[in-house]
Amino acid sequence: MMANKITDETLDYVGILAKLELSQEEKEAARTDMERMLDYIDQLNELDTEHVEPMSHIFPTVNVFREDAVTNGDGHEDTLCNAPDRRGRSFAVPKTFV
């Protein structure tokens, strides 16, 4: 099919954006790939999607949120049991600035 043509300027611009330095062979391969992608997009645009509902995922999804409830406590005593120094419910550490 190959109706879409990528110019040298477009290819150079994409290379700059992607911070790529391509050899001439790599440029030609990239040009072919890009043209094939654009042709495929054109082919998809020919599909009649007038009565197709937009979707955000290919699988049906349901609300997976749960109630945000604490089930195991905060565990602060277990966390602080081996602290070399503590002040109340916090670790005590030396000053790092004056």
Side-chain angles (χ1 to χ4, degrees):
M1 194 159 133
M2 293 297 234
N4 292 292
K5 295 294 177 196
I6 302 294
T7 65
D8 290 336
E9 293 79 21
T10 301
L11 198 56
D12 290 339
Y13 182 66
V14 171
I16 290 169
L17 291 177
K19 297 185 184 326
L20 295 174
E21 291 183 23
L22 302 174
S23 68
Q24 193 58 39
E25 295 81 26
E26 291 170 325
K27 283 183 182 182
E28 289 306 316
R31 178 189 323 272
T32 302
D33 288 345
M34 291 170 70
E35 288 173 350
R36 289 180 59 212
M37 284 186 260
L38 292 174
D39 288 339
Y40 186 67
I41 291 170
D42 286 345
Q43 185 179 358
L44 291 175
N45 284 334
E46 293 174 7
L47 293 174
D48 179 17
T49 58
E50 186 175 335
H51 301 291
V52 177
E53 286 289 321
M55 61 182 174
S56 61
H57 200 278
I58 62 170
F59 300 110
T61 58
V62 294
N63 186 353
V64 293
F65 296 118
R66 61 172 170 71
E67 185 65 32
D68 190 16
V70 176
T71 58
N72 61 351
D74 65 6
H76 73 276
E77 282 303 321
D78 291 335
T79 303
L80 292 170
C81 72
N82 292 320
D85 191 12
R86 64 189 266 190
R87 301 244 165 59
R89 295 179 62 168
S90 303
F91 288 94
V93 297
K95 274 187 179 181
T96 56
F97 58 92
V98 189

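All values below come from the heavy atoms of this structure, side chains included, with hydrogens, waters and symmetry mates left out.
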Test Lys27 against Asp8 for salt bridge (charged side-chain N to carboxylate O under 4.0 Å, His left out), laying out the working first. CA-CA 9 Å; Lys27 283 183 182 182; Asp8 290 336; over 6 Å; no
Indicate yes or no for a side-chain donor-acceptor contact from [X] to the backbone of [Y] under 3.5 Å, with no hydrogens or angles considered.
X     : Y     : result
Asn82 : Pro84 : no
Asp39 : Asn4  : yes
Thr10 : Ile6  : no

Can you measure from [atom1] ([X]) to [atom2] ([Y]) and round to the nearest 0.5 angstrom?
X     : Y     : atom1 : atom2 : result
Leu44 : Thr49 : CG    : OG1   : 10.0 Å
Glu46 : Asp42 : CD    : CG    : 7.0 Å
Ile16 : Leu11 : CD1   : CG    : 10.5 Å
Leu38 : Arg36 : CG    : CZ    : 12.0 Å
Ser90 : His76 : OG    : NE2   : 10.0 Å
Asp85 : Phe91 : CG    : CZ    : 11.0 Å

Within a 6.0 Å radius of atom CD on Glu77, are there more than 12 heavy atoms belonging to other residues, nucleotides or ligands? yes
Please determine whether a side-chain nitrogen of the Lys or Arg among Arg31 and Glu26 lies less than 4.0 Å from a carboxylate oxygen of the Asp or Glu. no
Are Tyr13 and Leu20 linked, directly or through other ILVMFWY residues, by side chains that come within less than 4.5 angstrom of each other? no
Phe65-Val62 co-clustered via ILVMFWY side chain contacts under 4.5 Å: no
